[in-house]
Amino acid sequence: MSEMIMEVAAQAVGTLLVAVISVAGAWLTAKIGRRQELASIAAATDDATEAAQRVVLELQQTVVEGMKAASEDGKLSRAEVEQLGKLLLEKSLAQLSQPAKHMLEAAGKDVCAIIRSAGEAAVLAIKKQ
């Protein structure tokens, strides 16, 4: 009788152990997947930021200096700043890969806001020089 109880107890413990290992494995797999997803989102954000920085430098060399030289006070008008903002978005989005755009959009990130923020930071860095 005690052998039978020991056998049933061993089977129950074995079944419980398998269940615990399965749950732990699923939890660990989910954590690893989440970490990889976050790394992908960070990489896509970096791509958008770098695209905006490149475009700011490009616009500075090809457009901004000419606009400033053409104005009487050497400064950009509000309309010119708005035009440069549109060019920044257009050119940065064109440089950003589709997978990066989709990754950011799927994560609920505003791609245009990321580009604008990076562009403003790049402009401030240029002004400080």
Side-chain angles (χ1 to χ4, degrees):
M1 179 78 143
S2 67
E3 287 181 24
M4 186 180 215
I5 292 173
M6 292 293 275
E7 187 176 320
V8 169
Q11 288 177 353
V13 169
T15 303
L16 182 62
L17 189 58
V18 168
V20 168
I21 291 171
S22 296
V23 169
W27 176 80
L28 185 59
T29 301
K31 285 291 186 182
I32 290 170
R34 180 70 177 150
R35 180 170 284 148
Q36 288 175 341
E37 179 183 351
L38 292 174
S40 296
I41 292 169
T45 302
D46 289 345
D47 288 349
T49 301
E50 290 170 6
Q53 291 169 343
R54 282 191 305 270
V55 170
V56 165
L57 292 174
E58 176 188 329
L59 290 174
Q60 181 69 26
Q61 291 176 351
T62 60
V63 179
V64 174
E65 294 302 322
M67 287 178 160
K68 285 182 178 180
S71 70
E72 291 179 15
D73 61 358
K75 296 182 180 181
L76 299 174
S77 69
R78 182 180 199 104
E80 290 170 328
V81 170
E82 288 175 8
Q83 179 186 7
L84 288 170
K86 289 177 185 176
L87 284 172
L88 170 67
L89 282 175
E90 180 183 303
K91 289 179 174 280
S92 297
L93 287 171
Q95 288 186 14
L96 192 60
S97 70
Q98 286 299 323
K101 287 180 200 175
H102 292 306
M103 175 63 68
L104 292 170
E105 290 167 356
K109 303 293 181 186
D110 184 349
V111 179
C112 292
I114 293 169
I115 290 171
R116 281 189 202 102
S117 295
E120 288 174 11
V123 169
L124 286 175
I126 289 171
K127 286 182 179 180
K128 287 182 180 179
Q129 291 178 349

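On a predicted model such as this, the values are computed, not experimentally measured, just so you know.
Interatomic distance, OG of S71 versus CD of E80, reported as 6.5 Å (0.5 Å rounding). A distance of 12.0 Å separates CG in D47 from NZ in K101, rounded to the nearest 0.5 Å. One distance of note links CD of Q60 with NZ of K127; it measures 9.5 Å at 0.5 Å rounding.
Counting all heavy atoms, side chain and backbone alike, A52 lies closest to G119 at CB-N, 4.0 Å. In this structure, A100 and A44 approach most closely via the heavy-atom pair O-CB, 3.8 Å.
Through side-chain heavy atoms spaced under 4.5 Å, either directly or across other Ile, Leu, Val, Met, Phe, Trp or Tyr residues, V64 is tied to I41, V55, V56, L57, L59, V63, M67, L76, V81, L84, L87, L88, L89, L93, L96, M103, L104, V111, I114, I115, V123, I126.
In the displayed structure, K109 atom NZ is contacted under 6.0 Å by at most 12 heavy atoms of other residues, nucleotides or ligands.
In terms of the side chain to side chain contact (heavy atoms under 4.5 Å, CB included) criterion, residue partners of E58 (sequence neighbours excluded) are, by chain and number, T62, K91, Q95. Applying the side chain to side chain contact (heavy atoms under 4.5 Å, CB included) rule to Q36 yields the partners I32; only residues at least two apart in sequence or on another chain are considered.
Ion pair R116/E120 not flagged as a salt bridge, since none of the NZ, NE, NH1 or NH2 atoms sits closer than 4.0 Å to an Asp/Glu carboxylate oxygen.
Between K68 and K75 there is no side-chain heavy-atom pair separated by less than 4.5 Å.
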**OP:** Please report the C-alpha distance between E90 and K86 in whole Å, then the side-chain angles of each, then the deciding distance to 0.1 Å, and finally whether the salt bridge (charged side-chain N to carboxylate O under 4.0 Å, His left out) criterion is met.
**Re:** CA-CA 6 Å; E90 180 183 303; K86 289 177 185 176; over 6 Å; no

